[in-house]
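Below is one structure, written out as structure tokens; comments come after it.
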Amino acid sequence: MVRVRFAPSPTGYPHLGNIRTALFNWAFARHNNGVFILRIEDTDVARLVEGAADVILDSLRWLGLDWDEGPYFQSQRLELYHKAVDQLLKQELAYRCYCSPQRLESMRQEQMKRKQPPGYDRHCRNLTREQKAEMEASGIIPVVRFMSPLEGQTFFNDLLRGQIIFENSTLDDFVILKSDGYPTYHLANIVDDHEMAISHVLRADEWLSSAPRHVLLYQAMGWQPPLFAHLPMILGTDRSKLGKRHGATAINEYQEQGYLPEAMFNFLVLLGWALDDKTEILTRDEIVKHFSLERISKTAAVFNKDKLDWMNGVYLRGLGLEEFVQRAMPFLGRDLPVEISRPLDTGYISQFMPLVQERARTLAEVPQLSDFFFVEELEYDADLLLGKIDKAEAVKGLQASIARVDGLQDWTATSLETVFRPLAEELGLKTGVFFGLLRVAVTGRTAAPPLFQTMEVLGRERCIKRLKSAIDKLER
RNA sequence: GGCGCAUUCGUCUAGGGGUUUAGGACACCGCCCUCUCAAGGCGGAGAUCACGGGUUCGAAUCCCGUAUGCGCUACCA
């Protein structure tokens, strides 16, 4: 039975890398009809970020990474860890350490200065009974350290990278229980993974170095360790570990920026995993069907926003009109100028959304792509009207247009086109130039959806008003 | 500094000894379509597969070194 877990710590908002790890775990579980467990590793009271756990849960829900068990909170399972610590203490596989943070700090400084590998000097490892009693009496609250073997090797088989071997002499006596009574990651992690019968630990590469500690702890507890696979990391553009200085990294920011969860899902799975030599767009079902550890790459991946944008556009265009409108609505409400009265008219919006849908790469672009459909007064620089023609020609063209269109029988894209094409010729203007003039007059910009379709949606009244206002602008 | 992992176009990747003149995608450039933009179609440029040694009839693919990058080296996860 495959049982995997995603075990984030609520010390910050989940970034792309965290979520990609969650995604791989989820996909692995679903592919194997296994169980996906969510566990919040909130053992660092000092760095805990208010609300982070909720953001983590929301982000997972947003991407549809549903969990079968949990969320468990380690802060509510302290007895479990204390029990393990007691066992290790009793077996003399761990010991209390009374060293002050100051002593540890100066020890490290000294080691650095001498270019020695930093690590706990095992000062408290061999305290005499009397010394221990003395320390206890002094009122110092100790930490508990694991008694690492001084020689030999610790090894395990990483599912992705093969046999990994560490010299025990390079390991120090790491802390397993802090003085505030909370366990460290290392201890809590192995206790819970054992307790929850985790079969595979799929976690980021950054944990590889501490894996031998975990193996040692499993051995000390007399437990069978799970299988390990250390996943490649996701790096920033500068190839370093993802962090705040890389701009938007928290997954919820992408939601706010108008990325579709299904696009994000697809994009993220391809950061470190590939189906074959050409498939880029995969449905969630296809991913579940084909996902396998063997096809996970071993090298860290740089996050490429351009490709995400492209992929999001693909998904956006694949949406049905109604679906697209529904998804775009919150963004229109949020970003359209405040003067535009709400609630927005869905019927009207649905008329031009097909035009916008083809052009948007994110939902957040929808408002700026379509604001001229809403706004009463267009604001633009009159010079835009004068692309390749002079003022007189422009005014003449606009006046002729108004005259021609004022009494037009039916106001549709096709009928408008049959009016304006000949008019361009009459005016001696290339269609590109003439239509460009009209486009600016009607939309206030040089790049917009097809002119006549736009005019049809805008309606006669509004179009004529805008043509007139363009003349005003020129003559002002 | 020590330990560990990694190294194929700018980026994401395919490749698991001969089928490779190293394939695809994003981005980039050009052409087509076209009222602009976008989308789409076609084409192009872009990787001496980090480097150096082996093994082999034959290596991007296996082995060993070197270099570089990243990670860890906390009473953080």
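Numbers restart at 1 for each chain; the letters A, B, ... are given by sequence-line order, proteins then strands. For clarity, every value in this text was computed on a predicted model and none was experimentally measured. What's counted below: heavy atoms across the whole structure, side chains too, no hydrogens, waters or symmetry copies.
Using a 4.0 Å heavy-atom criterion, one finds that A:T279 contacts no nucleic acid atom at all. Heavy atoms of A:C97 sit nowhere under 4.0 angstrom from any nucleic acid atom. Contact annotation for A:G313: no contact, since no heavy-atom pair falls under 4.0 Å across all strands. At a threshold of 4.0 angstrom between heavy atoms, the contacts of A:R145 are confined to the sugar-phosphate backbone, with no base atom among them. A:F166 comes within contact range of the sugar-phosphate backbone alone, with a heavy-atom separation under 4.0 Å but no base atom that close.
A:R161 places its CZ atom 12 Å from the C1' atom of B:U7, with the value rounded to the nearest Å. Rounded to a whole Å, the CG atom of A:L171 is 11 Å from the P atom of B:G4. Distance, A:F372 CZ to B:U36 C1': 11 Å, rounded to whole Å. Taking atom NZ on A:K305 and atom C1' on B:A25, their separation rounds to 18 Å, with Å as the unit. In this structure, CG of A:L177 is placed 18 Å from P of B:A74, rounded to the nearest angstrom. Atom CE of A:M455 is separated from atom P of B:C35 by 16 Å (rounded to the nearest Å). Between the OH atom of A:Y98 and the C1' atom of B:C75 there is a distance of 15 Å, rounded to whole Å. Here the P atom of nucleotide B:U13 and the CG atom of A:L282 are 14 Å apart, to the nearest Å.
The shortest side-chain heavy-atom distance between A:P232 and A:D205 does not fall under the 4.5 Å cut-off.
The side chain of A:V143 approaches B:C75 more closely than any other nucleotide in the set B:C76, B:C75, B:C35. Side-chain atoms of A:D306 lie closest to B:A27 of the nucleotides B:A77, B:C75, B:A27. Considering only the side chain of A:K307, B:C26 comes nearest among B:C75, B:C26, B:C35. Listed candidates were B:U7, B:C35, B:A25. Nearest to the side chain of A:T299 is B:U7. You'll find that the side chain of A:E280 is closest to B:A25, out of B:U11, B:A25, B:A77. Which of B:G2, B:C12, B:C75 sits closest to the side chain of A:P117 comes down to B:G2. Considering only the side chain of A:N304, B:G10 comes nearest among B:G10, B:C35, B:A6.
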Under 3.5 Å, which protein N or O atoms sit close to an N or O of nucleotides 70-72 of chain B? Give each pair with its distance.
unit_1 : atom_1 : unit_2 : atom_2 : d
B:G71  : OP1    : A:K241 : N      : 3.0
B:G71  : N2     : A:S209 : OG     : 3.0
B:C72  : OP1    : A:K241 : NZ     : 2.3

For nucleotides 37-40 of chain B, which of its nitrogen or oxygen atoms have a protein nitrogen or oxygen under 3.5 Å away, and what is each distance?
unit_1 : atom_1 : unit_2 : atom_2 : d
B:C37  : O2     : A:R359 : NE     : 2.5
B:C37  : N3     : A:R359 : NE     : 3.4
B:C37  : N3     : A:R359 : NH2    : 2.7
B:A38  : O2'    : A:E358 : O      : 2.7
B:A38  : N3     : A:E358 : OE1    : 3.3
B:A39  : O3'    : A:R317 : NH1    : 3.2

Report all interatomic pairs (protein N or O, nucleotide N or O of nucleotides 14-17 of chain B) with separations under 3.5 Å.
unit_1 : atom_1 : unit_2 : atom_2 : d
B:A14  : O3'    : A:R295 : NH2    : 3.4
B:G15  : OP1    : A:R295 : NH1    : 3.1
B:G15  : OP1    : A:R295 : NH2    : 3.2

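For B:G1, its base never sits under 3.5 Å from the side chain of A:Q111 at any donor and acceptor pair. Contact annotation: side chain of A:S179 to base of B:C75, donor-acceptor pair present below 3.5 Å.
In this structure, A:R213 fails the cation-pi test against A:F146, since its NZ or CZ atom is not both closer than 6.0 Å to the six-membered ring centre and inside 45 degrees of the ring normal. Annotation: cation-pi geometry satisfied between A:K473 and A:Y380 (NZ/CZ under 6.0 angstrom from ring centroid, within 45° of ring axis).
Spacing of C1' atoms, B:C12 relative to B:G53, comes out at 32 Å, to the nearest Å. Going from the P atom of B:C28 to that of B:C3 covers 45 Å, rounded to whole Å. Between B:G23 and B:A60, the two C1' atoms lie 13 Å apart (nearest whole Å). Here the separation of B:A14 from B:A22, taken at their C1' atoms, is 10 Å to the nearest Å. Distance noted for atom C1' between B:A59 and B:G15: 13 Å (whole Å). Between B:C9 and B:C49, the distance separating the two C1' atoms is 10 Å to the nearest Å.
Of the nucleotides present, B:A50 is the one that pairs with B:U66 by Watson-Crick or G-U wobble criteria, both distances under 3.5 Å. Summarising the base pairing, B:C26 is matched to B:G10 through a Watson-Crick or G-U wobble pair whose two defining distances lie under 3.5 Å. With a cut-off of 3.5 Å on both Watson-Crick or G-U wobble distances, the partner of B:U61 is given as none. The partner of B:C35, taking Watson-Crick or G-U wobble pairs whose two distances both stay under 3.5 Å, does not exist in any strand shown. Across all strands shown, B:C72 forms a Watson-Crick or G-U wobble pair, both distances under 3.5 Å, with B:G2.
Of the possible donor and acceptor atoms, one in the side chain of A:N312 sits under 3.5 Å from a partner among the backbone N and O of A:L260. Using modelled atom types, one side-chain atom of A:N266 and one backbone atom of A:L282 make a donor-acceptor pair closer than 3.5 Å.
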From CA spacing to verdict: side chain to side chain contact (heavy atoms under 4.5 Å, CB included), A:C463, A:W411: CA-CA 11 Å; A:C463 284; A:W411 190 269; 3.6 Å; yes
Derivation and outcome, side chain to side chain donor-acceptor pair (under 3.5 Å), residues A:N252 and A:S59: CA-CA 6 Å; A:N252 53 307; A:S59 298; 4.8 Å; no
Run the numbers on A:Q453 and A:E456 for side chain to side chain contact (heavy atoms under 4.5 Å, CB included), then give the verdict. CA-CA 5 Å; A:Q453 294 178 52; A:E456 176 179 329; 5.6 Å; no
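When ring centroids are compared, A:F435 and A:F452 come within the 6.0 Å threshold. Taking the centre of each ring, A:F24 and A:F291 come in below the 6.0 Å mark. In this structure, A:F6 has its ring center at least 6.0 angstrom away from the ring center of A:W67. Ring centers of A:H214 and A:F174: at least 6.0 Å apart, outside the cut-off. For A:Y315 and A:F267, the distance between ring centers is not under 6.0 angstrom.
Side chain to side chain, A:S75 and A:D42 meet the donor-acceptor criterion of an N or O pair below 3.5 Å. Counted by atom type alone, A:D192 and A:Y72 present zero donor-acceptor pairs between their side chains at under 3.5 Å.
Within the 4.0 Å cut-off from OP1 or OP2 of B:A74, not a single side-chain nitrogen or oxygen of A:T184 is found. A sub-4.0 Å separation between OP1 or OP2 of B:C35 and a side-chain N or O of A:R421 is present.
Between A:L271 and A:R47, the residue whose closest nucleotide on RNA chain B is further toward the 5' end is A:L271. If you find the closest nucleotide of RNA chain B to A:P183 and to A:A301, the one lying nearer the 5' end belongs to A:A301.
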